[in-house]
Each structure stands twice: as structure tokens, then as C-alpha cells.
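Any value given below was found using the heavy atoms of this structure, including those in side chains, with hydrogens, waters and symmetry copies removed.
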Amino acid sequence: MDAAIEVADLRKTYRGRRTGEVRAVDGVSFRVERGEFFGILGPNGAGKTTTLEIVEGLRRPDSGEVRLLGRSPWPHSPELTRRLGVQLQASAFFEFLSAREQIETFAELYGASKARAAEMLDLVGLTEHANVRCEKLSGGQQQRLSIACALVGDPELVFLDEPTAALDPQARRNLWDLMRGINAEGRTVVLTTHYMEEAEALCDRVAIMDAGKIKAVDSPAGFVRSLDAPTRVTVAAGQVSDERIKELAAGEAVTGGDGTVVFETRDPRELLTALASEGALDGLAVRTANLEDVFLHVTGREWRA
Amino acid sequence: MSLDTAETRTERPQGGGRRAYLSLYKALGRGWIRDRSQIFFTILLPLMFMVLLASVFGGGDTAASRIVAVGDVAVLDGADPEVFTVTGASDLDEALAMLREGDADAAVVQDGSTVRIYPSATNSTSGAIAAGNLSALVDDVNVEVLSAAAPNEPVLETDIEQADGGALKPIQYLAPGILAWGVAITGVFGAAGTIVDWKRDKLLRRLRLTPASVGTFLSAKVSVNLTVAVGQTAVFLAVAALGFGLHLSAWTWFAVPLVLLGTLAFLAIGVVIGGVAQTSPAAAGLSNLVTMPMAFVSGAFYPLALSPEWVQWISYASPMRYLNEALQSVVVYGEPPSAVLPQIGFLAVFAALVALLSWKTFKFDEL
């Protein structure tokens, strides 16, 4: 069986009158297996959307090759697009139509039934709002409707371009559950995001993208492991003596100030047990390395999403 | 909800282009009907202009030219009262004052064999009509005199088949002109606005990723616009006939293909504008910039013959002029379609050229 997506050495340069040449996509290659939840993580302007648009077949690259489910997305073919579900950054809706009319129109384009359309509306929790005009829906509801439209054709491969951007935290969590469900049904999902925690929470593998290049691809856990960064344990100062702090640190770094003591340790279990036995857990905070540290390590730059 | 296997997928009925076309047509048509501003621009605005201009140019009922005779004007003695309403004035100054006040269309002085005509400048349209009617009257009198002097000399006679059994009423040039203008603004504003909307909401981009092709979507969109144009024409002509006494000829049905062709030309102009404009206000402004001057050089609001010569020259490049002329010919004068072949030819060539231009200059990446 072919991979869901194979991308080899994509390049795309924009030539703007004022901006000059911008290498939006600069030699991007990756592969997504069937059933995978694949994330493209990067700050705004990293080239995520352009990459996605080239993969979907909306833009033609200057060079490079794309295979979607074993075939080229260019030129447009109904056989291929029937197997894809797409949610774009802007909520692309027919004007003045209700949520139900919207998704029923998309259902007809994919040759799906009205029942299927109603089912998808229910899946994203919009049945109550079925008769509301699209422009009257909230941002989160529009994104959910957009995802429902992407799913109505029962796609094998789903593209989601920053679906949670500009949503409040609660709406974002709800959407995460929805996206997990989509992937759990066996669909391949490709997600672009500039939220670290989103990529960490959802993706099997993440490609970290910056300045048009993919800097690294790994699972979130694999990234953190390979970083081999110490766990930072913070407690309130004044609970243990300075000598004891040095003993507990066992040769690793200790910093402090601002009423706290921060241990950096490779063995957080032992340290925490020791602190607990001495009743010194006031103001405890444990922070392991996350994708933010990975980004800093991979790109040499602070995260600035 | 389940993931189809490859087997069940191939069994799925291939909806095909026709089904996609119909659902897109339905979705876009529904959207159009629910957009009140569209109804206003396509139906109400042209009707408002017709009411306004018909009252400015005088009601359709007072077709007779109002003539002020200064002193004794012998040539008016035998004048047809259906064509001329004659009043008297003691001197030229009084007559000219009446013209200025808009109380008369032309003043006439007869000085021996010279008939001097002063058409109204205040109401130049009816002034010109009055002057034309007076010239014809003088010619008729001359012919009578000459025929009496040389009874055996054959004389050419004109036999004017008048479309409305009377003089040219304002509604007869206003209706086709304003209809042509209404079709133009609907097409230009509609296409330009749609393109700018697509740039914003990425609907076309989204649809490119469905099994329906872009061609299917665009033809559904154009079909909605053509349907609107036909509906607009029907409502407009019905109001012109029932409300303003416009006599519709037997060839009136041919207005439909004319309006369809015109709409294609104006949609193409709108697509070019939509390609240039980045925001809705910009699209509306540019559309105005194109359609307003076009209306004035195309005789949409008053007869082109009354315009300066340079305006008439410019009008040759305007598709609205040809649509206006063709509509007037078939709807008002009852001429057969063969009489408007040149206009049809121009509209077709114009539509094709602008469509080509929009195709060549259009940046699909922006959509």
C-alpha cells in the first residue's frame, strides 16, 4: 500500500514587488503513513500553509514532487479529491446559507447522502444550530462546521490547517477531542498548528518547520527524549539548608532567587522522594522539557508563535 | 460513521458533473435570493431610475410638443393638434422667458418665408423633439406648395410606421436604456464583488478540493447570474409596460438572448475589476468608475443623438450602447433580430475579448 503522503524536495519562491524573493518552501521532504496523525508545527510565516496547499494541489511548486495516496494531486481529479477532506484557514462557506444547507451542498458534491450530512452535523455538535446562517455562527462553531464539511465525504486523508487558531481554550479542547476521534476511526490526519501543546497532545509525529524548511521530524516524546534535557524541579526557598541543597543536587545545577530553589536533575524521582521525606514540597513545580525546548534546540531560536 | 473500504467506494454512484452543477446552482441561487442588497441593485434601483427620469423628461402622456408662436405663424395653421399644442406670445422675449421656465418646448417666429425655431435649452430633449417635429411640418408645407405648382412632378413621400402610434415618448428610449444599464451594473458589480468575496472567504479554493471541477462551479455561478438577468428583464419590462404604458412589440422575447449576451460581456468586465480590487469597497468603486461614465456615453438615460459628437464617438466602444440600441430596436420598434445583428456581433466580440483579457490577467493563486 502506498503511503498517505510522500513529499520530495518541494520548493516555492514568492516574488513580491516590495518583499523581494521569499523562499516560502525551501526543500521540504516528508512522508506520512496511513492512519497517522501528522503535525506540521512552526511559527506564523514558517511556510506551513504553503506546504499544505502544495500537497493538497492548490498551488504548484516551483520544483519537487507530491504523491497523495499514491497519485499526483495535479491536475485535479475527482477520484482523488473524493478521498480527501480539507479544512482551510478561512471558513469557506456559501453566503447566506444555514449550517444544514451548507453541509448538504458539500455532501452532494461528494456524492454523500443527506443522512450522512446530518450525522456529521451531529458529530461536531451543531444539530441545534442547523438552521442558523453560517455567518451568524461563532468562530468555534464555524471551525466545527468547516471540519464537518471536510468529513462529509468520508475521506481517508484529512487536512486541517490551523483549526484551533483564534479559539478560546475551551473550544480548543473540544476540537482536540473531535480531531482525536477522526484519527481513531482510521483516517490519516495532517494538522498544521503553531500551538506547541496542540502538537504534543494530538500528533503521532511532528515536523518542526521554520523559515521554509523542515528542521526535524519525530514523535513529541522522541523529540523530548533526544533533547536529553534535565527536569527542572522548583520549590520554595528556606525549607532546607544550603548544605542539604548541595547534597540533593548531587553535582547537578541549582539556581535560585526570587524565593525559590530550582534543581535541574536527570533523576527527578529520587529528588522528589527526598524532598517529600523532608517535607519540603511547598511551592513545588516540576517541568520536563517540552516541544518549546525542542524548538529552541532545533532552530536555535526562541519560540515566538 | 465508518471508513469506506475501497470496494464500497467504487460502488458509490458517480454523482458526475450534472449533479454537482445542480447542487451548486441551488446553493448559489439561494444565497442570491436571500441577499437583500442584490434585490435592491438588480430590481429596485433601475426601476427607481425609470420613475425618476420619466418624470424629469415629462410624463409619457404629453407627447405633443408645446410650441409658442410669436406673432402670426402661418405654417402652424394646418398643424396636427396631436403633435403640436400651440400657444401665442406677443414678442420673442416673452416666448424665450416661457422656454426658460419650462412652459414650452420651442418658440417659432415666421418672417416671410423664413421659419425661425428656438428649441428649449432648459428641456433639451423635448426641445430637440419639438424642433424636429417643426422641421418636418415645414417640409410638409413646402411639398404641398411645390406639388400645387408642378402637379405632374412625382413627390417622395415618407410613410413612418410609428411603433407607438405617436411621437417618441420618453419611456421608449428610457426603458431600453435603463434596462441596459441595470443589466450592466448587475453584471459588473456582481462579478467584481463575487471575486473579491472569494479572495476573502476562499470558497473557490475550498471547492477546488472537492470532486466538483472549477469549471462546474464557475458555470453554476454564471448560470445564476444569467437567470437573474432574465428575471430582472422580465420584471423591468412588465413594470415599463403596465406602469408607464410602454407598448411591447411582438419581438420583445428577443430581449432575453440580448440580455444574456450583454450579461456575459458585463460579467467579464466585472471579473477584470475583481482581479484588480482587493476589498469590497474598492470593487464597488471601480465598478462605479466603469459603469457610470459608460451609462452616460451609451444613451442609457437620454437619447444618444442629443449628446455631443465626441460622446457619440466614445459610445462606439461601449457594450452598453449596443445592448441599449438592440433592446430599443426589438422591444420598442419591433424590428426582427436580423436588424440587430451588428449589435449582437459587437457584444459577442467584446465579451470574448474581455473574457480573454480576464483569463490572461487573473491570478488564480489569490483565490
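- Between A:F93 atom CZ and B:K202 atom NZ the span is 15.0 Å, to the nearest 0.5 Å.
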What do the steps show when you test A:R59 against B:R205 for side chain to side chain contact (heavy atoms under 4.5 Å, CB included), and what is the final call? CA-CA 10 Å; A:R59 284 179 200 276; B:R205 185 178 292 199; 3.6 Å; yes

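- Taking 4.0 Å as the cut-off between side-chain N and carboxylate O, A:E95 and B:R34 do not count as a salt-bridged pair.
- Residue A:R11 places its CZ atom among more than 12 non-hydrogen atoms of other residues, nucleotides or ligands, all under 6.0 Å distant.
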Sequence neighbours left out, cut at 3.5 Å: what donor-acceptor pairs do the side chains of residues 219-228 of chain B make with other protein atoms?
from, atom 1, to, atom 2, distance (Å)
B:S219, OG, B:G215, O, 2.9
B:S219, OG, B:T216, O, 3.0
B:S223, OG, B:Y21, OH, 2.6
B:S223, OG, B:S219, O, 2.6
B:N225, ND2, B:K221, O, 3.2
B:T227, OG1, B:Y25, OH, 2.7
B:T227, OG1, B:S223, O, 2.7

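- The backbone N or O of A:V86 sits less than 3.5 Å from a side-chain atom of B:R206, completing a donor-acceptor pair.
- Between B:K26 and A:E108 there is a salt bridge, since a side-chain N of the basic residue sits under 4.0 Å from a carboxylate O of the acidic one.
- Looking at A:S113, neither its backbone nor its side chain comes within 4.5 Å of chain B, counting heavy atoms on both sides.
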Pair A:E101, B:R30 - check salt bridge (Lys or Arg N to Asp or Glu O under 4.0 Å), show working. CA-CA 10 Å; A:E101 291 165 340; B:R30 253 188 197 153; 3.5 Å; yes

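- The backbone N or O of A:G111 lies less than 3.5 Å from no partner atom in the side chain of B:R19, so there is not a single donor-acceptor pair.
- Enclosure of atom CZ in B:F41 is not indicated, since only 12 or fewer non-hydrogen atoms of other residues, nucleotides or ligands lie within 6.0 angstrom.
- In this structure the side chain of A:F94 reaches within 4.5 angstrom of the side chain of B:L207, judged on heavy atoms.
- The backbone N or O of B:V214 lies less than 3.5 Å from no partner atom in the side chain of A:H76, so there is not a single donor-acceptor pair.
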Verdict with reasoning, B:L24 to A:L109, per side chain to side chain contact (heavy atoms under 4.5 Å, CB included): CA-CA 8 Å; B:L24 289 168; A:L109 296 182; 3.8 Å; yes

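- When A:L58, A:L88, A:L80 are compared by the number of non-hydrogen pairs under 4.5 Å with chain B, A:L58 comes out ahead.
- The contact between A:F106 and chain B is made entirely by side chain atoms (from C-beta outward), counting heavy-atom distances below 4.5 Å.
- Counting non-hydrogen atoms of neighbouring residues, nucleotides and ligands closer than 6.0 angstrom, the CZ atom of B:R200 exceeds 12 such neighbours.
- Scanning residues 130-143 of chain A against chain B with a 4.5 Å heavy-atom cutoff picks out A:R133, ordered by number.
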